[in-house]
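Scroll down for the structure; my scribbles are underneath it.
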Number of protein chains: 2
Amino acid sequence: MTITIYDVAREANVSMATVSRVVNGNPNVKPVTRKKVLDVIERLGYRPNAVARGLASKKTTTVGVIIPDISNVFYAELARGIEDIATMYKYNIILSNSDNNEEKELVVLNTLLGKQVDGIVYMGNKITDKLQDELKRANTPVVLAGVLDATEKLPNVNIDYKQSTYAVVTELIGKGHTKIAFLSDGIENTNTRAKYEGYLMALSEAKIELNSALIVELEGNNYHQGTIGWSRLTENKVEATAIFASDDEIAIGALNAAQDAGVKVPDELEAVASNNTKITLMARPQLTTVVQPLYDIGAVAMRLLTKLLNKEEITSPHVTLPYSIQKRGTTK
Amino acid sequence: MTITIYDVAREANVSMATVSRVVNGNPNVKPVTRKKVLDVIERLGYRPNAVARGLASKKTTTVGVIIPDISNVFYAELARGIEDIATMYKYNIILSNSDNNEEKELVVLNTLLGKQVDGIVYMGNKITDKLQDELKRANTPVVLAGVLDATEKLPNVNIDYKQSTYAVVTELIGKGHTKIAFLSDGIENTNTRAKYEGYLMALSEAKIELNSALIVELEGNNYHQGTIGWSRLTENKVEATAIFASDDEIAIGALNAAQDAGVKVPDELEAVASNNTKITLMARPQLTTVVQPLYDIGAVAMRLLTKLLNKEEITSPHVTLPYSIQKRGTTK
DNA sequence: GTGAAAGCGCTAACAA
DNA sequence: TTGTTAGCGCTTTCAC
């Protein structure tokens, strides 16, 4: 049989309330009593039932994490940051993959809310209106990690994608490139859109006309899509001399395809990627990228959520973390 | 205010029990009644409270997942398999990183049990005795995913590491290699030990004497350790002509270090890795590896757990999935 | 086919 | 400082 708080109370000759106080570290317990209770707990091997506690206190110390795909390095690093901080603040996380599919997101959100999570960390391409509504209806705190909120309504943690993209593209232009390809997943996705805007801004500032043959919109952020990206570019016969990729895997896919076709990197083709996941080091040449502090984005997002949960004061619900640019072998 | 089952019952003029039956798909409800209840649920936006349900039914439809590091591609792919099958069977997963640290594992396990998870999927280097004891005491079903259980007590899903390593090393020997390095994390780790035994078996069968300078035990499965592995090999002055690595990241680290030092791969150095994570495709040359069906290992482990939870009949608690060998650019 | 009522194990007033 | 006592929202006998 399972040992309950009642068993402990009986054995220690105190009330359930006192046991509860001891377990929860309430200071209003005489040290002697505390010791006595602790001993019984030890002897009986009592372990508090978090489900009962959750029902009574209406707090589960569990947060839901909606993530597109945990096997994607980018999200996995964010997730690690989230989990570490969650643990630090005594929360557990329920992880659910959404595949960036709105329908799944809705189902997952509903399950999470049914499980009475105290809060939610959302990662994905964009917050759809429907999702936004559901979230509001539930009025459970939510923080977006690595996703801009187009409407600026939800707390979120990001870097400035537009600015960072502008910076690297401008630098490429400064080296004389005029045919700079932009490889990305769907431009309707919030972050990608911001990057695209940065790209456009750099071009326009340099008075370079936009060549749509250089814009390749892919169907996802992965290696395979990157290789497709390169084929698309060659089909378009644009002879790009530089690439900006919205994702590391896309960049590696495109570069490997290019190199397999005999293109010399970085001599004939320079490239800059976006996320600085650890695969940037494994590729040859190693990737030059915008450095997004992925772990930190996750960590800060979770920290922000804990503040929301404790009703701590919040300086700003929109955190923009600094980015940097890491130069490696794919640029001269 | 939150809508409870009681509110629904009142509005629908039925008892809580009936609402409960409808919500749980119990067939003993007249269609008319069911419709009536469903309508009220819809109208009120009622969402069952899983915590209360968990307390009453002693089932949480939540399983704990103990994982060394979710940002490691290897584990992330296993995790994805686990989560997909969990979702399929209506379970959620609570994910906890352990960093392969026994103390953390113990803490995590305890939290998970406190949260009344219905079962646990464990990933890690090895099941220590203490952990084994705690697991037994809780008598919560556990399945190991991608970890051999030295004592053969716990259900687990794996491939035959010894056999697969034996096969690839034997093939290297067949090509004339006699100086085959073995790069791995700690040999005390269950899976690594099995691989090491496979390596030894191949050597002994070919009557090649074991050269301890070729055995490099590293401090973890990551890229950086791989680069260290290569330095170690050069310090040892053994001039290995082939490498077997227990991990893909280690392999890439070692190969990149070797190539940076001017070694031609695969002409002067052949290499075989172990896990076939997706980074094997991104490296240049692409890695030849033993193919572990990572996603499937996770998926099958979770499926096995659901069987345990439903008390379904189990053919065997020790599942060995088939492996294969994928030849790519690091071997001739 | 449906309802009444007793818990599940704990927290949180409130009282003492 | 400690105890009493309602619940928290649901499932699950057991009756009818």
Side-chain angles (χ1 to χ4, degrees), chain A residues 1-38 40-41 44-62 90 110-111 113-118 138 140, chain B residues 1-38 40-41 44-62 90 110-111 113-118 138 140:
Chain A
M1 275 321 303
T2 53
I3 316 290
T4 74
I5 199 172
Y6 177 79
D7 299 315
V8 177
R10 184 170 31 71
E11 288 289 312
N13 284 314
V14 296
S15 70
M16 286 163 56
T18 299
V19 179
S20 175
R21 287 187 189 101
V22 171
V23 170
N24 293 298
N26 184 316
N28 292 343
V29 183
K30 245 199 312 200
V32 198
T33 318
R34 179 186 307 282
K35 170 98 173 66
K36 190 170 60 177
V37 172
L38 251 16
V40 175
I41 287 179
L44 264 43
Y46 167 69
R47 173 189 293 132
N49 181 324
V51 173
R53 176 183 286 172
L55 184 58
S57 69
K58 294 174 170 301
K59 287 201 195 86
T60 55
T61 62
T62 301
K90 312 277 182 215
N110 212 50
T111 316
L113 293 174
K115 296 236 168 165
Q116 313 302 117
V117 294
D118 295 337
T140 299
Chain B
M1 278 316 304
T2 53
I3 316 290
T4 74
I5 198 172
Y6 177 78
D7 300 314
V8 177
R10 182 169 32 71
E11 289 289 311
N13 285 313
V14 296
S15 69
M16 287 163 56
T18 299
V19 178
S20 175
R21 286 187 189 101
V22 170
V23 169
N24 294 297
N26 183 317
N28 291 343
V29 183
K30 241 199 312 198
V32 196
T33 318
R34 177 185 309 281
K35 171 96 171 65
K36 191 170 58 177
V37 172
L38 251 17
V40 174
I41 288 180
L44 264 42
Y46 167 69
R47 172 190 292 132
N49 180 323
V51 173
R53 175 183 285 173
L55 183 58
S57 68
K58 295 176 170 301
K59 287 200 193 86
T60 55
T61 60
T62 301
K90 312 278 182 212
N110 213 50
T111 315
L113 294 174
K115 296 236 168 167
Q116 314 300 118
V117 294
D118 295 338
T140 298

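Worth knowing before you read on, the calculation uses all heavy atoms, side chains too, and leaves out hydrogens, waters and symmetry mates. Source: prediction; values computed, not measured. Here is the naming used below: chain letters follow the sequence lines, and residue numbers restart at 1 for every chain.
Here B:T33 does not reach the OP1 or OP2 of C:dG1: none of its side-chain N or O atoms lies under 4.0 Å away. The shortest distance between the side-chain N/O atoms of A:K58 and the OP1/OP2 oxygens of D:dG9 is below 4.0 Å. The phosphate of D:dG3 (OP1 or OP2) has a side-chain N or O of A:T18 nearer than 4.0 angstrom. Between B:N24 and the phosphate of D:dT11, there is a side-chain N or O to OP1/OP2 separation shorter than 4.0 Å.
A donor-acceptor contact shorter than 3.5 Å is absent between the side chain of A:T62 and the backbone of A:V117. In this structure a side-chain-to-backbone donor-acceptor pair under 3.5 Å is missing from B:T33 to B:V29.
A donor atom on one side chain and an acceptor atom on the other are not found under 3.5 Å apart for B:R21 and B:N28. Side chains of A:K115 and B:T61: a donor on one and an acceptor on the other come within 3.5 Å.
Between the C1' atom of D:dT13 and the CZ atom of B:R21 lies a distance of 10 Å, rounded to the nearest Å. Straight-line distance from the CG atom of A:N28 to the P atom of C:dT11: 15 Å, rounded to whole Å. Per the geometry, OH belonging to A:Y6 stands 13 Å off P belonging to D:dG3, to the nearest Å. Rounded to whole Å, atom P of C:dA12 lies 9 Å from atom CZ of A:R53. Atom pair B:K36:NZ and C:dG1:P shows a separation of 14 Å (rounding to whole Å applied). In this structure, B:L55 atom CG and C:dC10 atom P are separated by 9 Å, rounded to whole Å. Remark: C1' of C:dC8 and CD1 of A:I3 are 16 Å apart, rounded to the nearest angstrom. To the nearest angstrom, P of C:dG3 lies 12 Å from CD1 of B:I5.
When all heavy atoms of B:G114 and B:Q116 are compared, the closest pair comes out as O-OE1, 2.8 Å. In this structure, A:V8 and A:I3 approach most closely via the heavy-atom pair CG2-CG2, 4.4 Å.
Of the residues in residues 8-15 of chain A, none has a non-hydrogen atom less than 4.0 angstrom from any atom of DNA chain C.
Between D:dT1, D:dG9, C:dT2, one nucleotide has an atom nearer to the side chain of B:V29 than all others, and that is C:dT2. Distance from the side chain of B:A52 is smallest to D:dC10 among C:dA12, C:dG3, D:dC10. Considering only side-chain atoms of B:A56, the nucleotide from D:dC10, C:dT11, C:dA13 that sits closest is D:dC10.
Screening B:I5, B:V37, B:N26 for a side-chain contact (heavy atoms from CB on, under 4.5 Å) with B:S20, the sole residue that qualifies is B:I5.
To the nearest 0.5 Å, atom CG of residue B:N49 and atom CG of residue B:L55 are 10.0 Å apart. Rounding to the nearest 0.5 Å places CG of A:D118 at 12.0 Å from NZ of A:K58. Between the CG atom of A:D7 and the CG atom of A:L44 there is a distance of 6.5 Å, given to the nearest 0.5 Å.
Rotation axes derived from the C1' atoms of the five outermost pairs at either end of the helix from C:dG1-D:dC16 to C:dA16-D:dT1 lie 30° apart, to the nearest 10°.
Between the side chain of B:R47 and the base of D:dG9, no donor-acceptor pair of N or O atoms lies under 3.5 Å.
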